[in-house]
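Working notes, beginning with the structure itself.
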Amino acid sequence: MTRLDTKDALASLYAEIEGRNPAQPEFHQAVHEVLETLAPVLEARPEYAEAGLIERLCEPERQIIFRVPWQDDRGRVHVNRGFRVEFNSALGPYKGGLRFHPSVNLGIVKFLGFEQVFKNALTGLGIGGGKGGSDFDPRGRSDAEIMRFCQSYMTELYRHIGEHTDVPAGDIGVGTREIGYLFGQYRRITNRWEAGVLTGKGQGWGGSLIRPEATGYGNVLFMAAMLRERGEDLEGQTAVVSGSGNVAIYTMEKLIALGANPVTCSDSGGYVVDDKGIDLELLKQIKEVERGRVSEYAERRGASARFVPNGRVWEVPADIALPSATQNELDGKDAETLIRNGVKAVSEGANMPTTPEAVQLFQSAGVAFGPGKAANAGGVAVSALEMTQNHSRTSWTAARVEEELDRIMRDIHTTCHETAERYGAPGDYVTGANIAGFERVADAMLAQGVI
Ligand code: NDP
């Protein structure tokens with residue numbers, strides 16, 4: 001087939017997928033972004049198309065939707081919806097986080113699960129892809145309410161997961177506290193100490209050192225690798241970071257450690273810009289200990305910081321940008337602003353934070369662009385290392401985990417870079433990540449037959 005024929009075939013396949021999955025715009029976006037880059041590999045390897053690989057890859061192996069009833073502190077009953085999409089297990093047990101946020105629906109879980117399949121393949125660690133969550137809103141809920149919700153959620157989820165089957169972890173709204181409540185309920189129901197069933201556990205009961213830091217640290221390592229390709233490093237670079245959760249905080253920590261200067265953070269209420277650079281201890285105190293808002297950071301920090309309600313963090317001039325909050329938070333207009341202000345590189349800590357239009361603009365302007373499925377893979381990679389430690393009942397030192405994380409992120413960068421070159425798209429990390437992830441999953445699926 002010629003390139004044109006392949007592109008036509010992919011376009012009609014995409015139209016079919018869109019039709020079969022109505023009202024799931026985020027899932028459509030994630031699929032489209034991958035299919036758009038696969039033509040060269042499908043031409044080079046016609047056996048993929050013959051085996052119906054794209055069709056199979058875009059259809060989750062299993063989709064579970066369930067009711068999650070729970071009582072608030074006043075005794076009122078609430079009903080939320082729980083999801084777990086087990087997308088692809090050709091390379092290992094389904095692996096991917098749980099998101100608790102009011103915006104969660106099946107389409108969002110499917111987009112995240114689809115991305116996860118490629119991301120996990122890129123780590124080279126033998127993990128399949130899945131994702132889950134609920135439309136539960138944890139904001140303003142007491143510890144006791146969070147615990148009751150997690151227990152109810154696990155009361156259904158437990159029958160679908162297991163260390164060799166499906167291993168959930170955290171994502172937006174799910175951190176060590178929630179993983180603790182989920183793990184406790186799983187242990188109670190099953191009467192098994194099965195540490196490898198969930199990752200992101202706490203220290204002392206099966207958690208890995210550096211897991212909380214891994215996604216943010218990994219993203220900065222990926223950014224550093226992209227800059228190295230251009231003969232630069234992180235020293236002295238001003239960085240805009242969005243979000244103020246797990247990924248954002250540890251992105252800033254690593255940026256500071258490597259000599260860069262993060263000057264912003266944000267939440268859904270607005271953003272903070274701090275001319276002196278973000279004071280990470282203060283931000284951690286407010287977000288991790290007090291579970292407060294970034295506006296409080298500006299109130300307590302003094303004259304160098306101000307809070308911009310409802311503003312876009314991308315209007316702050318910077319050398320590098322690391323979106324770390326949520327999907328589609330950086331659009332075409334934001335990209336134009338960043339480019340006008342001289343941004344050199346963008347690396348995605350969040351999943352799909354950059355709209356397709358913005359990605360296009362960055363690439364046309366020669367801005368290095370690291371897609372989330374490569375750049376934020378450090379979190380799931382260390383989750384897989386947590387599983388390894390659980391299986392062998394050992395606990396690695398922080399230095400050992402960091403060393404592994406560093407190696408994995410360098411490997412992912414090299415793989416994406418070399419794959420892009422091999423398929424005629426030098427410097428295009430989107431194409432490199434999509435094709436490299438696809439090849440690994442596709443080869444395993446080919447070998448395992450039509451299932
Ligand atoms: P957290 O819940 O710890 O933090 C999320 C942050 O993003 C908060 O500051 C939150 O603000 C903000 N945010 C969330 N939704 C919105 C929204 N709709 N509009 C504006 N701000 C929003 O989540 P994580 O840091 O774990 O996750 C952040 C991103 O990173 C997600 O895309 C996630 O999928 C991705 N990711 C996470 C990994 C991990 O290991 N945790 C691994 C790989 C990717 P507010 O409190 O106001 O909602």
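Numbering starts at 1 and runs along the sequence shown. Atoms within a ligand are numbered from 1 in the order they appear, just like the ligands themselves. For clarity, every value in this text was computed on a predicted model and none was experimentally measured.
- Below 30°, between 30° and 60°, or above 60°: for H391 and H164 the angle between ring planes is below 30°, a parallel geometry.
- Closer than 4.0 angstrom to ligand 1 lie heavy atoms from R99, H101, R139, D171, I172, G173, R211, T215, G243, S244, G245, N246, V247, S266, D267, S268, R293, S324, A325, T326, G349, A350, N351, N376.
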Could you tabulate the donor-acceptor pairs under 3.5 Å formed by side-chain atoms of residues 219-229, not counting sequence neighbours?
| residue | atom | partner | partner atom | Å |
| --- | --- | --- | --- | --- |
| N219 | OD1 | S347 | OG | 2.7 |
| N219 | ND2 | S347 | O | 3.3 |
| E229 | OE1 | H417 | NE2 | 3.4 |

What donor-acceptor contacts under 3.5 angstrom involve side-chain atoms of residues 314-321, with partners at least two apart or in another chain?
| residue | atom | partner | partner atom | Å |
| --- | --- | --- | --- | --- |
| W314 | NE1 | E329 | O | 3.0 |
| E315 | OE2 | Y271 | OH | 3.0 |
| D319 | OD2 | T238 | N | 2.8 |

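- A salt bridge does not link D72 to R148: none of the charged side-chain nitrogens sits closer than 4.0 Å to a carboxylate oxygen.
- We find that E59 and R20 are joined by a salt bridge, their nearest charged nitrogen and carboxylate oxygen being less than 4.0 Å apart.
- Counting only residues at least two apart or on different chains, the salt bridge (charged side-chain N to carboxylate O under 4.0 Å, His left out) pairs with a member in residues 428-443 are R45-D443, R422-E439.
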